Number of protein chains: 2
Amino acid sequence: MNTPVEASPTALPPSEHDHQKCVSTALGTAEHLCVVRGVQLTPIRHQVLELIWESHKAVKAYELLDRIKPLQSAAKPATIYRALDFLIEQGLIHRVESLNAFVGCSSSGHQHEQLLLICKHCHEVEERPATAVMQALSQEFDQAGFIVHSKAIEIHGICVKCVALGDD
Amino acid sequence: MNTPVEASPTALPPSEHDHQKCVSTALGTAEHLCVVRGVQLTPIRHQVLELIWESHKAVKAYELLDRIKPLQSAAKPATIYRALDFLIEQGLIHRVESLNAFVGCSSSGHQHEQLLLICKHCHEVEERPATAVMQALSQEFDQAGFIVHSKAIEIHGICVKCVALGDD
DNA sequence: GAGTTGACGTTATAATATAACACCCGATTT
DNA sequence: AAATCGGGTGTTATATTATAACGTCAACTC
């Protein structure tokens with residue numbers, strides 16, 4: 001339902017990875033989880049999720065708004081923010097706090113909270129479970145007596161692909 | 001130079017810690033570092049830093065703007081944002097990305113990047129060096145081949161004082 | 001004393017996000 | 001079938017956060 005995806009010059013990362021697989025896996029998982037949970041992945045929500053998954057870059061809300069307008073000419077900021085709220089609640093996307101932007105979550109349904117590696121050069125965001133980090137964090141919370149509700153662990157720098165290209 | 005500090009009902013944390021000492025240490029360190037570095041801790045920058053240190057809560061930029069107006073009637077958004085940019089560059093404050101707010105840094109001059117524990121109940125922000133976490137993070141970056149520029153590690157939940165009060 | 005630099009004043013506007021209320025539609029109840 | 005209820009969306013307005021652009025001034029430099 002979005003045939004010209006591969007035509008977009010910025011949609012695909014420069015590497016050789018099969019991005020269509022990323023997209024279909026993410027959308028399939030989302031559809032499945034929403035059915036299981038009895039929540040509605042409405043057309044708008046589905047479109048927003050698809051738009052977010054056009055790349056591994058974090059996307060701004062108003063950029064999504066511009067991009068959804070051809071499909072939903074009535075779209076307004078609230079349209080996007082409501083869809084984003086839903087997708088976040090369901091753990092289908094991450095809000096990248098340090099960018100005020102949004103990126104797809106590859107591990108919806110299991111361990112949503114991950115380390116985000118954000119490349120300043122190509123702007124892609126890599127999720128990593130980072131279990132050793134999470135364990136060390138848990139110990140830190142225990143020591144501090146702190147009850148965790150949510151975590152944002154966002155690292156800015158240069159990713160391995162861009163380092164290889166000498167771009168840092 | 002800000003005598004009515006202890007009169008403000010929201011300025012001091014509910015605990016019995018000596019906040020005047022926090023403030024004087026922070027301002028003293030800031031003054032010293034700026035001299036050493038040959039940068040100017042101008043009156044405006046000093047006032048903004050003082051206002052931020054009125055509590056351990058993260059403060060919004062426009063809240064700072066309101067609060068500095070009695071002292072700097074010409075203050076505009078740029079006044080505050082420029083001072084904040086300076087203080088962040090010098091490692092004297094943290095920007096709390098997940099709140100769009102700012103909090104004093106207790107460890108200016110050494111190890112600025114810390115774990116921030118943000119209490120949803122009292123809104124205080126606790127900095128922790130969390131060396132085990134930082135080590136685990138370094139290993140993760142090495143594995144990923146990622147070159148780090150900056151880190152934002154922000155945890156939301158209930159702090160030990162509020163847990164003790166049964167507020168979660 | 002002309003040029004440069006850094007800090008600040010000032011105006012305008014961009015970018016991000018939410019509030020509030022109306023409407024529709026499908027499901028449930030009566 | 002009418003009533004009602006809830007979730008999702010449409011729509012308007014506005015709040016909040018942040019930056020751009022340009023001018024002035026004072027200190028320092030050559």
Side-chain angles (χ1 to χ4, degrees), chain A residues 30-31 33-35 37-52 57-90 92-103 123 152 154, chain B residues 30-31 33-35 37-52 57-90 92-103 123 152 154:
Chain A
E31 288 158 14
L33 283 175
C34 288
V35 169
R37 294 172 181 169
V39 296
Q40 301 178 53
L41 190 61
T42 62
I44 288 178
R45 292 167 176 175
H46 194 277
Q47 282 163 5
V48 170
L49 187 58
E50 261 188 292
L51 288 172
I52 288 173
K57 297 174 189 172
V59 196
K60 301 280 195 172
Y62 278 71
E63 195 181 325
L64 290 169
L65 179 55
D66 290 341
R67 292 211 263 147
I68 211 177
K69 273 181 179 160
L71 309 167
Q72 296 284 339
S73 52
K76 300 272 182 320
T79 313
I80 295 297
Y81 282 105
R82 290 198 279 230
L84 290 170
D85 287 347
F86 172 85
L87 296 170
I88 289 168
E89 264 172 33
Q90 298 301 321
L92 302 173
I93 62 174
H94 296 282
R95 180 182 160 87
V96 186
E97 300 289 352
S98 49
L99 296 176
N100 293 331
F102 305 86
V103 73
H123 301 111
E154 303 180 0
Chain B
E31 288 158 15
L33 283 175
C34 289
V35 170
R37 293 172 182 170
V39 295
Q40 301 177 50
L41 190 60
T42 61
I44 289 178
R45 291 167 177 176
H46 195 277
Q47 283 163 5
V48 170
L49 186 57
E50 261 189 292
L51 288 172
I52 288 173
K57 297 174 189 174
V59 197
K60 301 280 194 172
Y62 278 71
E63 195 181 326
L64 290 169
L65 180 54
D66 290 340
R67 293 212 261 147
I68 209 176
K69 274 182 180 160
L71 308 167
Q72 296 283 341
S73 52
K76 300 271 184 318
T79 314
I80 295 296
Y81 281 106
R82 290 197 279 230
L84 290 170
D85 287 346
F86 172 85
L87 296 170
I88 288 168
E89 265 172 32
Q90 298 301 321
L92 302 174
I93 62 174
H94 297 282
R95 181 184 158 85
V96 186
E97 301 288 355
S98 49
L99 296 176
N100 295 331
F102 306 86
V103 73
H123 302 111
E154 304 180 1

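Labels below follow one simple rule: chain letters A, B, ... track the order of the sequence lines, proteins then strands, and each chain is numbered from 1. This structure is a prediction, so every number in the text was calculated from the model and none was measured.
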Q.
Applying side-chain hydrogen bond (donor to acceptor under 3.5 Å, both in side chains), can you list everything that pairs with B:Gln40, at least two apart in sequence or on another chain?
A. none
Q | DNA chain C-proximal residues of residues 77-86 of chain B, any heavy atom under 4.0 Å | A | B:Ala78, B:Thr79, B:Arg82
Q | Where chain A begins and ends its contact with DNA chain D, read 5' to 3' at 4.0 Å from heavy atoms | A | D:dG7 to D:dT12
(Q) Please report the interatomic distance CG(B:Leu49) to CG(B:Leu84), rounded to the nearest 0.5 Å. (A) 10.0 Å
Q: Kindly write out the residues that satisfy side chain to side chain contact (heavy atoms under 4.5 Å, CB included) with B:Val39, not counting sequence neighbours, or none if the list is empty.
A: B:Cys34, B:Arg37, B:Phe86, B:Gln90
Q | Nearest-0.5 Å distance that lies between atom CD in A:Gln47 and atom CG in A:Leu41 | A | 10.5 Å
Q.
Quick check for you: name the first and last nucleotides of DNA chain C, 5' to 3', having an atom under 4.0 Å from a heavy atom of chain B.
A. C:dG6 to C:dT11
Q) Any side-chain heavy atom of B:Glu154 within less than 4.5 Å of one from A:Glu154? A) no
Q: Specify the residue among B:Ala75 and A:Ala101 whose closest nucleotide of DNA chain C lies further upstream toward the 5′ end.
A: B:Ala75
Distance-only criterion, 3.5 Å: show the donor-acceptor pairs between side-chain atoms of residues 75-83 of chain A and protein atoms not counting sequence neighbours.
unit_1	atom_1	unit_2	atom_2	d
A:Lys76	NZ	A:Ala74	O	3.3
A:Thr79	OG1	A:Lys76	N	2.8
A:Thr79	OG1	A:Lys76	O	3.1

Would you be so kind as to tabulate the donor-acceptor pairs closer than 3.5 Å made by side chains of residues 60-69 of chain B, with sequence neighbours excluded?
unit_1	atom_1	unit_2	atom_2	d
B:Lys60	NZ	B:Leu99	O	2.8
B:Arg67	NH1	B:Glu54	OE1	2.7

Q) What do the steps show when you test B:Val59 against B:Val96 for side chain to side chain contact (heavy atoms under 4.5 Å, CB included), and what is the final call? A) CA-CA 9 Å; B:Val59 197; B:Val96 186; over 6 Å; no
Q | Contacts of type side chain to side chain contact (heavy atoms under 4.5 Å, CB included), residue B:Ile88, not counting sequence neighbours | A | B:Ile93, B:Arg95, B:Phe102
Q) How long is the span from the CG atom in B:Leu51 to the CG atom in B:Leu71, to the nearest 0.5 Å? A) 6.5 Å
